Each structure stands twice: as structure tokens, then as C-alpha cells.
2 protein chains.
Amino acid sequence: MRAGEVAPGLDAPEEGNATTGATEADAVSVPEEPVTTGRPRRRGVPTIYDVAEAAGVAPSTVSRTFSRPGRVNSETAARIRQVAADLGYRTNPMARALSTTHTSLLALVVPDITNPVYFEIINGVQDEAAEAGYTVVLVDSRESDRREREALERALPIVEGIVLGTSRMSDASIRMIAKQRPMVAINRAVREIPSVVPDNSRGVRRALEHLGELGHEPVTYLAGPEASWADGMRWRGLREASLELAVHVRRLGPLAPTVAGGVAGAKAWLQSPTTAVIGFNDLVAIGFIRYVTSRGVRVPEDVSVVGYDNIFAADLVTPPLTTVATPRRALGAAAVRNLLAQIKGAHPRGGPPVVVPVKLVERQSTGPAPAQAPAAGTPPRGIPVR
Amino acid sequence: MRAGEVAPGLDAPEEGNATTGATEADAVSVPEEPVTTGRPRRRGVPTIYDVAEAAGVAPSTVSRTFSRPGRVNSETAARIRQVAADLGYRTNPMARALSTTHTSLLALVVPDITNPVYFEIINGVQDEAAEAGYTVVLVDSRESDRREREALERALPIVEGIVLGTSRMSDASIRMIAKQRPMVAINRAVREIPSVVPDNSRGVRRALEHLGELGHEPVTYLAGPEASWADGMRWRGLREASLELAVHVRRLGPLAPTVAGGVAGAKAWLQSPTTAVIGFNDLVAIGFIRYVTSRGVRVPEDVSVVGYDNIFAADLVTPPLTTVATPRRALGAAAVRNLLAQIKGAHPRGGPPVVVPVKLVERQSTGPAPAQAPAAGTPPRGIPVR
DNA sequence: TTGAAAGCGCTAACAG
DNA sequence: CTGTTAGCGCTTTCAA
């Protein structure tokens, strides 16, 4: 018995004692004045109790009406919904969560919301989540595993699952957290954790193919961070493609995955230039172009460069960047679908990563190799050596 | 009385019959078989009851230990914390929220997470929120008021407050929602809603000042969307500055606040060029530069252009863009501080917007006006008229 | 199909 | 300073 409900009704004389489910004892104290607004409890947002009373049914019936439609007579349901609407009733997510542990919240972890690469991932995740009635909590680790852990720590207890859009944490930490909530990783393969990744090997292969067709040989790969899983995949793919396509590939790095990293790569490249380079990502490619351009090297006349990711800025720089477009929105959406499946019970954890296709976007930073290929160690014409 | 608690206690003989608060009636029904694991309730994450029992105190004391440190003896607290740690107890946010309506969640609404302008705002909001122990739920309206309303609708019941980082909803809708939760708007003044905005008039004034010093006259303003509050502010500031600085300003627009908008603006500008233009934002400025450059106009030799916002790409384009830097991170942080203050009770709603300072970042898209200013209606030298 | 009643885990008076 | 006791609003057996 909910004492709290009865008492207030009784304590408020002007409310009269509408048979609020009062016991016989209560019933004896005959009401003397009619009530206008029979509001049950303290003022505030209406609850199922308010709706129940107004509709003349039990609270549990109201609850069922919203949580298990179908388990209640359609007419009663209709009436209840009507009353609820009139009262402006909205089910309280916290109360529901308390008894069901179902919060309709998902966490999305990204290392840096400022990094263009994540925009579309975020959009894809949000869209797919919204479609399933889920809201997403964005956890921005700011490239710090401490921040990431803290933020995740805070979000963990309220979310039903986690999408790891590139994490800065160790595999061990990740697995630790995966024990507490369903999780799926994007762009990173962690043993035991389901993941979805872009087709890295095909991406670099297409880039190399494109460059090869233009007559470039050899090609320089401006490598990403040592710890980067994606970099490992791309380099591996590049070596394989190199064999198949019969165009040599040199590796130069590791480099920070930023414009600054690209500048650093350009400086190194100037010491032993090639007619084409493939950047670890667009930022690196952009930094490369900027620097070599400032040194009098023309793109793509002297050197062709292709980036990776196809971020927003790729089409803004001069010349517009030829790059491998990763389907980031699809990546995010796929991750959420997988996650939701896990949440719904079917726990297909582990297994090989889901691979989504990529494609090469040809713009103006690539062109035919210069007529005469530079001798090894010799800068292409026009390049001031260092 | 929590039946669930008492029964288990009695069932465990090895616990002796410590007067756990059992009634006489309960005490009589002597247990016949011993139990090994005297686990209180259903298996799962530990609750304050588990901690209380293990520490030999009342649940409420455990609760206080975590929710109102200081209101409990430091030694007892220490012991409780120790036990809690051992048990791996973590306070359940949903349960807490249910009784306090304090969720430690904030909503941040942005029209398009893909728009570079919002990155720093998001970071500022996240940082400030995290510092106060709050987690933020990102609501991306995707430039659609329907989506925005729906997402907000979903988040509303669980957040304690809302930061509107540029909304697509009507003032009326906004005010409607503000009735339900504390709110503060960024970059938009809505009557009755506290807001924080960048110093638009000072920003455009600095831009015009800069251009004036370089000898430009008159200057063209590539206007933003008609409905944009910011555009209104900027144009107004420009007209005032125009008077004070004695340099004429022409308005050209409205334009979409995008690269495409800039291209459209450039086409119009070519019909009656000036030696300098100020874009509504960086994207517009970038689009402008792209187009005029493709038509043989040199920047900044033939025309100087200044953008607005100082987005990431501003420093990536060629030439790097001179632009007015808006302190977006500070904007976000200030908004959260204000919001938190409201949530904590002091409701300083309404009032004039909080204005945060901006500054001009000079890069290479601006330079001295061409020696001979073009006669009105005449294209600067080198510009092919249409 | 509906109702009654017991919690979900925590906080909050109110006593002691 | 600590324990008792009601709930917060909703879901969920268990009966009817």
C-alpha cells in the first residue's frame, strides 16, 4: 500500500475524499464537500497513478498500455492513451530504467570531436541510434586515455552499450569495459570485441593502382602513428598491392596524423623524392602539399599526392585532394546495428571484423608522372634539394 | 519493511540471529538447513544494502557516505568506503535520479555536427560540464527542426539543462522547452532566455578597420542567411562601423552560409567588384576565393577577403584566410557555467546576452588595396567581367 | 484482460 | 552521527 498516496488526499480537506482507493476505515469518514480537481499527490508532472485514477483503471494497466501494448484491451488502451494525452503524461525514463535497466542510451567514444574524420561516424551513429529510439552520449576523450576512462566511467552506468569510434585505451582496458557493457569497435580490431572497419587494404590498393596507371614508380607512403591499427593495415595492404601491381612502395614515417605530421613528412621526402606519395590520411597529405608547394614543388606536375579518408577539407584545399573515401557514416550505422543486436540478446561477440567498402575519389592532386622519372635519390626537376 | 532483506538474513544460520530487526514472528520460524553464501538479494551488482550489511551499518549511512560526505563520522565513512571498494559497489545513477531528479546530464543542441563552427563549442561545453561532473548528450538536429524537436523530446526528460548551440527551432518552440528545463542559448538572443554571444559588432568592426587601413573603399559584405540572427548583428555592426570609420560598405546577399553560398556571392560580386569583401563566415569566404580565383582574380592582389569564425580549414586554404576568430570554446564554457548556475537554483534567467570578445586573425587573404581603386561599376584590373 | 502488491536502489525526513 | 521508514515512478509476478 502506498501510504503516501492516501495520506495527502486525506490531509487536504478541500480535496474531499474521493474514493481514491481508500480503505473501509477511510470510507467511513463521509465526505462533506465535492472536489473539483482531484489531484492525487504533490503538484508536478503526471504519473501513471494520475492517469490511472483519471481513467478509472489500475496503475499497472496504464503501465502495460505503454510498455507492452497488446497486453491490454484495445478499447481500454485507447481510453488510457487519451487520458494520458490530456494530462500530458510522459513516461519517466529514470523510473522505467530503475526497474528494467533499459535506458535507451548509447555511448559513442571518439578521441577528438574536432577531427573531421569523426563527423560522419558520429552522424551515422546518431541516425541509426535515433531510428531505434536510442539517444547517444558523446564521450570525447581528447586524445587522452585518462579523460576517456573518466568520461566512460561516468557514462557507463547509464548506457546500454558502447560504440568505440577509435579508442586511445589499451586493449586490456577495452576488454575490461566490454565485460560490463555490450560494445563494438570501429576502425580497430580488439580480440573478442566485435568490430567494423573500412576496407583498408582495398583502399590503399586503389590508390596505388591509380598512381601506377599514371606511370608513377616508385611511390612513397607517408606513414601514420606507430600505434595506429589503421596504419598497420594500410601499410600491409600497400605491400601486398605493391607486389601484385609491380610498383615499388617506400615507407616514410611514423608521422603524426596531422598537418604538422605531413609537413615533417615533406621535409623528409625532399631528401629523396618520388613522383608520388600516399598520405596516411588527408591531414598528412595536406600538410605535405603545403610544405612542398612552399618549396617550389608543383602538385601534381612534379609530385602526385593522394590522401585517405576524404574529409571535408579535402575538397577545399588547393589543389583539391585525390583521396580514398571511407564510408564513415556507414561505419557508424553498422556499428550501432551490431551493438543493438547484442543488446537485444543475440550476443555474436568476437568473430572477424565487419568490413565495409571504400572508394577512390579522384581530384586534382594527382596527375601523370613527369616525363622522365627521377633517378633514385635525385629530386624531380624543379625541386630544390633541401 | 523490506521483506527481501530480512528473509535472507534469517536463512543464513551461520550469521547467528543477530537482531537484524526481525519480528518475533519471523524469529520463530527456525531455519533448518545451513546456507553457504549468505547473499542478501538476487545476484548482481552490489547495492547500498550489501555494503551496509557488510559494514554493519544502516543503508542510509552508506547512502550518506556517498551523497553527503561530511554528514557521517569520518571513521565510519572510511570503513564504509573500504567495504564498498572491496565489494565493487558503485552508486546507481538511475536510482539516485529517481529520488533526486538529479541526473548529471546536460543536453547540447547543434544544427550540424559536421559544421566546423561547432567543434570548439562542443569541446568547451564538454570540458566545462565534465569539470562539474556532468555528462553531455549531443543532440544533432541536422538542420531540421523536426529532428531537433524529436531528439530534444527524447533527451529532455533525462537532462537537467539545455545548451542551445544555435537552434533551428522557432523562438516560440524554444521558449516552450525552456519552460521545462533551464536553458541557455549560444549565438542567438531569444527573449527571456539567457544567452551568450560573441561580440559580433566588434568583430566586423575590426575587419573593416583592417581593410580600411589597407586602403580599401568601398567594401562588400557577403551576407548570410536572411533568418540568421548573427547575420543581422554583423550587418548592423558593419553599418555602424562604416560610419565611424568612413569606409562604405555594400551588402550582397542573402547567401547560404556555405562554400556554395560563397560561389554564388562571387558571381554576383563579379558584376560590380570592390577591392575587398567580408564574408558572412569562413565557408562563404572560401567559396568566394575559389570562384574568383578560377576566374583569374588574384587574392589578395586584386581583392582582399576576410572571413568570419576562424574555422579549422581557414588556415588550410590558399591563401590562408584572414578572419575574425570567435572564441567558441569560451562561448561553450560560459554557457555551461550559466546553465549550471541556473540549475543550482539561482535562476538569473533573461537579461541581456553575455558578450564574449573576438579577435581578428590576419593571414594572407588580405593585403593593400590595388594602387588605383577601381571606378564604381568597373572591375579591378585583371578581372574578366562575367 | 485487469488488479493488487512487491520491489528496482537510493534519498530524505524524522527520531533517537 | 546513525537508524527507521517512506517513498521517487514504473514494471512485474501472481491472482482473480
Side-chain angles (χ1 to χ4, degrees), chain A residues 1-8 21 23 40-42 44-53 55-80 84 89-104 157-158, chain B residues 1-8 19-21 23 40-53 55-80 84 87 89-104 157-158:
Chain A
M1 150 178 75
R2 306 179 70 85
E5 288 158 46
V6 180
T23 65
R41 47 188 60 207
R42 76 165 67 155
V45 288
T47 72
I48 50 172
Y49 291 96
D50 301 314
V51 177
E53 185 182 322
V57 297
S60 54
T61 303
V62 178
S63 173
R64 285 190 201 99
T65 305
F66 294 106
S67 55
R68 328 187 96 71
R71 274 191 177 293
V72 52
N73 178 299
S74 59
E75 287 179 14
T76 339
R79 182 158 42 91
I80 293 179
Y89 167 80
R90 316 233 37 183
T91 131
N92 177 327
M94 263 94 66
R96 189 204 290 268
L98 184 54
S99 51
T100 61
T101 68
H102 174 70
T103 61
S104 290
I158 63 171
Chain B
M1 155 175 71
R2 305 179 74 84
E5 289 157 47
V6 180
T19 44
T20 328
T23 67
R41 45 189 61 206
R42 76 163 69 152
R43 191 75 10 292
V45 288
T47 71
I48 50 172
Y49 291 97
D50 301 314
V51 177
E53 186 181 322
V57 296
S60 56
T61 304
V62 177
S63 172
R64 285 189 201 100
T65 305
F66 294 106
S67 56
R68 319 187 107 64
R71 275 191 177 293
V72 52
N73 179 298
S74 59
E75 288 178 14
T76 333
R79 181 159 43 90
I80 292 178
L87 258 43
Y89 166 79
R90 317 230 38 180
T91 133
N92 177 326
M94 262 94 64
R96 191 206 288 270
L98 184 54
S99 52
T100 62
T101 67
H102 174 71
T103 60
S104 291
I158 64 172

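A quick note: this is a predicted structure, and the numbers were derived from the prediction, not measured. Hydrogens, waters and symmetry mates play no part in the numbers below; they use all other heavy atoms, side chains included.
If you take CZ of R79(B) and P of dC1(D), they are 15 Å apart, rounded to a whole angstrom. R96(B) places its CZ atom 19 Å from the P atom of dC8(C), with the value rounded to the nearest Å. R68(B) has its CZ atom 14 Å from the P atom of dC1(D), to the nearest Å. Atom P of nucleotide dG9(C) and atom OH of Y89(B) are separated by 10 Å, given to the nearest angstrom. Rounded to whole Å, atom P of dG9(D) lies 14 Å from atom CD of E53(A). The CD1-P distance, from I80(B) to dC10(C), rounds to 13 Å in whole Å. Rounded to a whole Å, the CZ atom of F66(B) is 10 Å from the P atom of dC10(C). Distance CD1 (I48(B)) to P (dT5(D)): 15 Å, rounded to an integer number of Å.
Listed here is the closest heavy atom pair of A55(A) and I80(A): CB-CG1, 4.3 Å. What you find for A97(B) and M94(A) is that their closest heavy atoms are CB-CG, 3.5 Å. Nearest heavy-atom pair across P46(B) and L87(B) is CG-O, 3.4 Å.
Residue T76(B) is classed as a sugar-phosphate contact, given heavy-atom separations below 4.0 Å to backbone atoms only. Nucleic acid contact for S67(A): sugar-phosphate only, since backbone atoms but no base atoms lie under 4.0 Å from a heavy atom of the residue. Residue contacts for V62(B): at a heavy-atom cut-off of 4.0 Å it reaches no nucleic acid atom on any strand shown. Across all strands, T100(B) comes closer than 4.0 Å only to sugar-phosphate atoms, never to a base (heavy-atom distances). T91(B) comes within 4.0 angstrom of the backbone, heavy atoms only, and of no base. Residue contacts for S60(A): at a heavy-atom cut-off of 4.0 Å it reaches a base atom on one of the strands shown.
If you find the closest nucleotide of DNA chain D to R64(A) and to R71(B), the one lying nearer the 5' end belongs to R71(B). Along DNA chain C, the nucleotide closest to S74(A) and the one closest to R90(B) are compared, and the more 5′ of them pairs with S74(A).
Taken from CD1 in I158(A) to OG1 in T101(A), the straight-line distance is 13.5 Å, to the nearest 0.5 Å.
Counting only heavy atoms from C-beta on, L98(B) has its side chain closest to dG9(D) among dT2(C), dG9(D), dG3(C). Of the listed nucleotides (dC10(C), dT11(D), dG3(C)), dC10(C) has the atom at the smallest distance from the side chain of Y49(B). Distance from the side chain of N92(B) is smallest to dC10(C) among dG9(D), dT2(C), dC10(C). In the set dC10(C), dC10(D), dG3(D), the nucleotide with an atom closest to the side chain of A95(A) is dC10(D).
Listed for the S63(B) side chain is no donor-acceptor partner under 3.5 Å among the backbone atoms of P59(B).
Remark: S63(B) is not in phosphate contact with dC10(C), judged by side-chain N or O atoms under 4.0 Å from OP1 or OP2. Close to dG3(D), at under 4.0 Å from its OP1 or OP2, lies a side-chain N or O of T61(B).
For the residue pair R96(B)/S67(B), the side-chain donor-acceptor check at 3.5 Å is not satisfied.
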